[in-house]
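First comes the structure, then the notes that go with it.
Note that the structure is predicted; figures quoted are calculated from it, not measured.
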Amino acid sequence: LEYLIYRAYHLVTPASFRTRLLSVTYRETGARGAPRTAPAFLVESVDEVSQRLQLRRVRRNQLSSREMDPAQMNLLELFQFMIGNTDWSAHSPSAGDSECCHNGRVFGPAAGTGALILVPFDFDESGLIDAHYAAPSPVVGAGSVRQRVYRGSCSHNAQVPASIRRYQELRPEFERL
């Protein structure tokens, strides 16, 4: 399911991590049990995303909404809402980390000036997956990962109608996935 979430987001925007599905066979060294085969996936590296999008990686402690590309950010915010993911932040780092942003990497124009974009990753705690270990972010006050919470910035509200149209256009492709 997480692999499909990456694929769905890539339908929304090329500013995403590409993935490749695998079938991995695990064999325990010295074990008598039968090998076990399970699905897995590889995720494109940050350097590959940077090269493909012709953007540079940006490292900061915090970001403000004003620095972000509003259209791109609103697509991300609505996507996180759609999949029921609260395990991300566009403004702050993960606990114990000094670099923004939690479960996202920031990219900006190669020239160094202009709007920044956030490319999300790590969707395993989303409500769409509903993993047994998943818990909503304590910041949002939801009782379950299955409860949707919109974490979009009000400064991006003007972008909502265009983002909704984009998701409506993509609905048949989402359903095919």
Side-chain angles (χ1 to χ4, degrees), residues 1-26 37-129 131 134 137 151-153 156 159 162-163 166-167 169-177:
L1 287 172
E2 188 174 10
Y3 164 75
L4 292 174
I5 290 172
Y6 278 96
R7 293 274 316 274
Y9 192 63
H10 194 70
L11 290 173
V12 175
T13 175
S16 57
F17 285 97
R18 293 186 300 184
T19 54
R20 172 135 331 165
L21 189 61
L22 306 171
S23 179
V24 178
T25 301
Y26 300 91
T37 301
F41 61 94
L42 298 173
V43 179
E44 183 177 31
S45 75
V46 170
D47 289 340
E48 290 169 324
V49 172
S50 180
Q51 289 174 3
R52 179 172 49 85
L53 299 177
Q54 297 181 357
L55 298 171
R56 67 181 171 83
R57 171 82 188 278
V58 174
R59 296 175 190 262
R60 299 251 188 88
N61 294 339
Q62 289 188 312
L63 292 174
S64 74
S65 294
R66 293 182 310 278
E67 296 176 275
M68 307 304 285
D69 177 282
Q72 187 68 38
M73 197 61 211
N74 189 251
L75 286 171
L76 181 148
E77 293 162 345
L78 280 176
F79 187 81
Q80 299 283 25
F81 174 72
M82 182 177 78
I83 66 170
N85 191 21
T86 62
D87 188 30
W88 67 283
S89 172
H91 308 290
S92 303
S94 302
D97 198 356
S98 62
E99 184 181 331
C100 186
C101 296
H102 179 60
N103 286 340
R105 292 293 176 252
V106 182
F107 295 88
T113 58
L116 305 176
I117 62 167
L118 182 65
V119 179
F121 63 90
D122 194 8
F123 304 109
D124 66 316
E125 293 210 26
S126 68
L128 185 61
I129 293 176
S137 169
R151 298 189 66 195
S153 173
H156 303 147
Q159 305 300 319
S163 295
R166 176 80 177 128
Y167 283 96
E169 292 167 1
L170 289 170
R171 183 177 180 164
E173 293 181 63
F174 289 151
E175 290 174 350
R176 274 192 288 281
L177 279 178

Q.
If we count only N and O atoms by modelled type, under 3.5 Å, do the side chains of Y3 and R7 hold a donor and an acceptor together?
A. yes

Q) Using a distance-only test with no angle check, is there a side-chain donor-acceptor pair under 3.5 angstrom linking T13 and Q72? A) yes

Between the side chain of [X] and the main-chain N/O of [Y], is any donor-acceptor distance below 3.5 Å?
{"X": "E2", "Y": "I129", "answer": "no"}
{"X": "R151", "Y": "T86", "answer": "yes"}
{"X": "Q159", "Y": "H156", "answer": "no"}
{"X": "E67", "Y": "S64", "answer": "yes"}

How long is the gap from [atom1] on [X] to [atom2] on [Y], to the nearest 0.5 Å?
{"X": "L63", "Y": "S89", "atom1": "CG", "atom2": "OG", "result": "9.0 Å"}
{"X": "H91", "Y": "S153", "atom1": "NE2", "atom2": "OG", "result": "5.5 Å"}
{"X": "Q51", "Y": "L53", "atom1": "CD", "atom2": "CG", "result": "10.5 Å"}
{"X": "F41", "Y": "L4", "atom1": "CZ", "atom2": "CG", "result": "9.5 Å"}

Does any part of the side chain of [Y], heavy atoms only, come nearer than 4.5 Å to the side chain of [X], both counted from C-beta?
{"X": "S65", "Y": "M73", "result": "no"}
{"X": "S137", "Y": "E125", "result": "no"}
{"X": "L76", "Y": "W88", "result": "yes"}
{"X": "R166", "Y": "E169", "result": "yes"}

Compile the donor-acceptor pairs under 3.5 Å between side chains in residues 100-123 and protein atoms, sequence neighbours left out, one pair per line.
from, atom 1, to, atom 2, distance (Å)
H102, ND1, S94, OG, 2.4
H102, NE2, D87, OD1, 2.6
N103, ND2, D87, O, 2.7
N103, ND2, D87, OD2, 3.0

**Q.** Shortest non-hydrogen separation from S126 to N85 and the atoms involved
**A.** CB-CB, 3.8 Å

Q) Of the non-hydrogen atoms in A38 and Y26, which two are nearest, and what is the gap between them? A) CB-CE1, 4.1 Å

Output a table of donor-acceptor pairs, distance under 3.5 Å, between side-chain atoms of residues 17-24 and any protein atom two or more places apart or on a different chain; print 'none' if there are none.
from, atom 1, to, atom 2, distance (Å)
R18, NE, E44, OE2, 3.3
R18, NH2, E44, OE2, 3.2

Q: Please say which of L170, I5, L11 ends up in a side chain to side chain contact (heavy atoms under 4.5 Å, CB included) with L177.
A: L11

Q) Does atom CD of Q54 have more than 12 heavy-atom neighbours, drawn from other residues, nucleotides or ligands, at distances under 6.0 Å? A) no

